[in-house]
Enquirer: 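My structure is below; once you've seen it, I'll send some questions.
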Amino acid sequence: MIELLVNSVSIPMVAFLIVSLIMFFAGVFGFLTRKNLIMILISVELILNAVDINFAVFNRYLFPEQMEGLFFALFGIAIAACETAVAIAIIINIYRRFGNVEVDNVNKLKG
Amino acid sequence: MTDILIFILLAIVIIAFSILAVTSKHVIRSAVYLLFVLLGTAGLYLMLNYHFLFAVQVAVYAGGIMVLFIMAIFLTHQPGENVRKKTNWKIVSSSLLSISGIALCGYIIVKNINRITSFVREDEIDMQNIGMAMMGTEKYQYLLPFEVISVLLLACIVGAIMIARKDKDEEKHDHIKTRIEELEEKSENNKENKI
């Protein structure tokens, strides 16, 4: 335990958490205010990224002997990649059908 | 000391660019700002000594997802087209919501952070350990989620292709339309020539 205390990094944990907190709420703000579908997707990416930082930080600072947070962040990145690919396919399809990607214009289903 | 300086630089880059990314008028600019945010996040992983996570972040996010975003923006936007924003009161209310959320969560974090002790191991995790944990089936090993993710990726590839593909009928229609237009142009040209 004493070794671990000596080796502790000089950056406090709260600094990482504040950075990811601000990133998360910037994403929430963008999600609520933007009308463009791609901008909404960019905001969602910001939110997911903030969550990944939190996983890594909690793992490193609280349980440095284990790797759970690391793997959660890894799988989170993989799922974010999937989600982005499918969402962009849907957006391109919407563009083909409606001519633009504003959320207000997307008001019809195929039926 | 250098650690702290680098961290402050990364934090400023991440905060500034994540706010710029959601407020910029041009979509392509906010995509580039998002790229900077993702690279800054990769820098944070490097500061935490997670080298493998750093590599994955740069390769998957900054490499793959950004290319997807930029191609999607090129496919769906006219050049120079600005993004319309929502009404004023909506911007005000959602910024109020975000700021109050930051205040609330920040208060909770700062108040409770001293309860937990923070011990940090300086050295990085061996690549071998990560590989063993990813490919093992015992406790704290992740072969099953790994395989599930691979199936998910496959399903996502197939689904994305199915969704983004043009319908066959539509394609035929497009083909016929372009053919008709070509013929019309030709006949018009012929008429003009005759006259």
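Chain letters run A, B, ... following the sequence lines, proteins first, then strands; residues in each count from 1.
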Enquirer: Let's test your reading of the structure: which of A/V101, A/V28, A/I92, A/L41 forms the most heavy-atom pairs below 4.5 Å with chain B?
Expert: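 Looking at each of A/V101, A/V28, A/I92, A/L41 in turn, A/L41 comes out on top.
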Enquirer: Against chain A, label B/L10 side chain, backbone, both or neither, depending on which of its atoms sit under 4.5 Å from a heavy atom there.
Expert: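 B/L10 has no heavy atom closer than 4.5 Å to chain A.
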Enquirer: Below 4.5 Å, heavy-atom pairs only: which of B/I19, B/I109, B/V110 has the largest tally toward chain A?
Expert: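 Of the candidates given, the most pairs with chain A belong to B/I109.
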Enquirer: Is B/L97 close to A/F29 at the side-chain level, that is, under 4.5 Å between some pair of heavy atoms?
Expert: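 Answer no - side chains too far apart.
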Enquirer: Write down the atom of A/A81, the atom of B/I65, and the distance for their closest heavy-atom approach.
Expert: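 Taking A/A81 first and B/I65 second, the nearest heavy atoms are CA-CD1, 3.7 Å.
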Enquirer: Is the count of non-hydrogen atoms from other residues, nucleotides or ligands lying under 6.0 Å from B/Q128 atom CD greater than 12?
Expert: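 No - once you tally the heavy atoms of other residues, nucleotides and ligands closer than 6.0 Å, there are 12 at most.
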Enquirer: Under 3.5 Å, sequence neighbours excluded: what are the donor-acceptor pairs made by side chains of residues 12-26 of chain A?
Expert:
| residue | atom | partner | partner atom | Å |
| --- | --- | --- | --- | --- |
| A/S20 | OG | A/L17 | O | 3.2 |
| A/S20 | OG | A/N54 | OD1 | 2.6 |

Enquirer: Is any side-chain heavy atom of B/Y61 less than 4.5 Å from a side-chain heavy atom of A/L48?
Expert: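 Yes; the side chains approach each other to less than 4.5 Å.
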Enquirer: Taking every heavy-atom pair that is under 4.5 Å apart, which of A/I90, A/L74, A/I94 has the most such pairs with chain B?
Expert: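 Option with the top pair count is A/L74.
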Enquirer: Quick check for you: among A/I42, A/I79, A/I91, which has the greatest number of heavy-atom pairs under 4.5 Å with chain B?
Expert: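 Most heavy-atom pairs within the cutoff with chain B belong to A/I42.
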Enquirer: Counting only heavy atoms closer than 4.5 Å, note whether B/L34 contacts chain A via side chain, backbone, both or neither.
Expert: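 It is the side chain, since no backbone atom gets that close.
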Enquirer: Among A/V57, A/L37, A/D52, who wins on heavy-atom pairs under 4.5 Å with chain B?
Expert: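 It is A/D52.
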Enquirer: Between A/A85 and B/L68, which heavy-atom pair has the shortest distance, and what is it?
Expert: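 Heavy-atom minimum between the residues: CA-CD1, 3.9 Å.
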Enquirer: Among residues 37-44 of chain B, which residues come closer than 4.5 Å to chain A, judged by heavy atom distances?
Expert: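 The stretch touches chain A at B/V37, B/L38, B/T41, B/L44.
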Enquirer: For the pair A/N93 (side chain) and B/I163 (backbone), establish whether a donor and an acceptor sit closer than 3.5 Å, ignoring hydrogens and angles.
Expert: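 The answer is yes, because a donor-acceptor pair under 3.5 Å joins these two groups.
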Enquirer: Using a 4.5 angstrom heavy-atom cutoff, name the option from B/F69, B/F146, B/F52, B/Y140 with the most pairs to chain A.
Expert: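 If we count pairs closer than 4.5 Å to chain A, B/F69 comes out on top.
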Enquirer: Return yes when atom CZ of A/F72 has more than 12 non-hydrogen atoms of other residues, nucleotides or ligands closer than 6.0 Å, and no otherwise.
Expert: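 Count not over threshold, so no.
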Enquirer: Tell me the closest heavy-atom pair linking B/V22 and A/M39, and the distance in Å.
Expert: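 Looking at all heavy atoms of both residues, the shortest contact is CA-CE, 4.3 Å.
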Enquirer: So which part of B/M134 gets closer than 4.5 Å to some heavy atom of chain A, the side chain, the backbone, both or neither?
Expert: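 Both backbone and side chain.
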Enquirer: Could you tell me if the side chain of B/I130 sits less than 4.5 Å from the side chain of A/M67, heavy atoms only?
Expert: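 A/M67 reaches B/I130 side chain to side chain.
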Enquirer: Looking at B/L53, B/I99, B/V60, which one has more heavy-atom pairs under 4.5 Å with chain A than the rest?
Expert: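 If we count pairs closer than 4.5 Å to chain A, B/L53 comes out on top.
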Enquirer: With a 4.5 angstrom heavy-atom cut-off, which part of B/Y45 approaches chain A: side chain, backbone, both or neither?
Expert: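 Answer is side chain: those atoms of B/Y45 sit under 4.5 Å from chain A.
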Enquirer: Please say whether more than 12 non-hydrogen atoms of neighbouring residues, nucleotides or ligands are located less than 6.0 Å from CZ in A/F75.
Expert: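 Yes - once you tally the heavy atoms of other residues, nucleotides and ligands closer than 6.0 Å, there are more than 12.
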Enquirer: Let me see the working for A/N49 and B/Q57 under side-chain hydrogen bond (donor to acceptor under 3.5 Å, both in side chains), right down to the final yes or no.
Expert: CA-CA 10 Å; A/N49 210 39; B/Q57 172 88 5; 3.3 Å; yes
Enquirer: For B/A155, is it the side chain, the backbone, both or neither that has a heavy atom under 4.5 Å from a heavy atom of chain A?
Expert: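 Contact with chain A is absent: no heavy atom of B/A155 under 4.5 Å.
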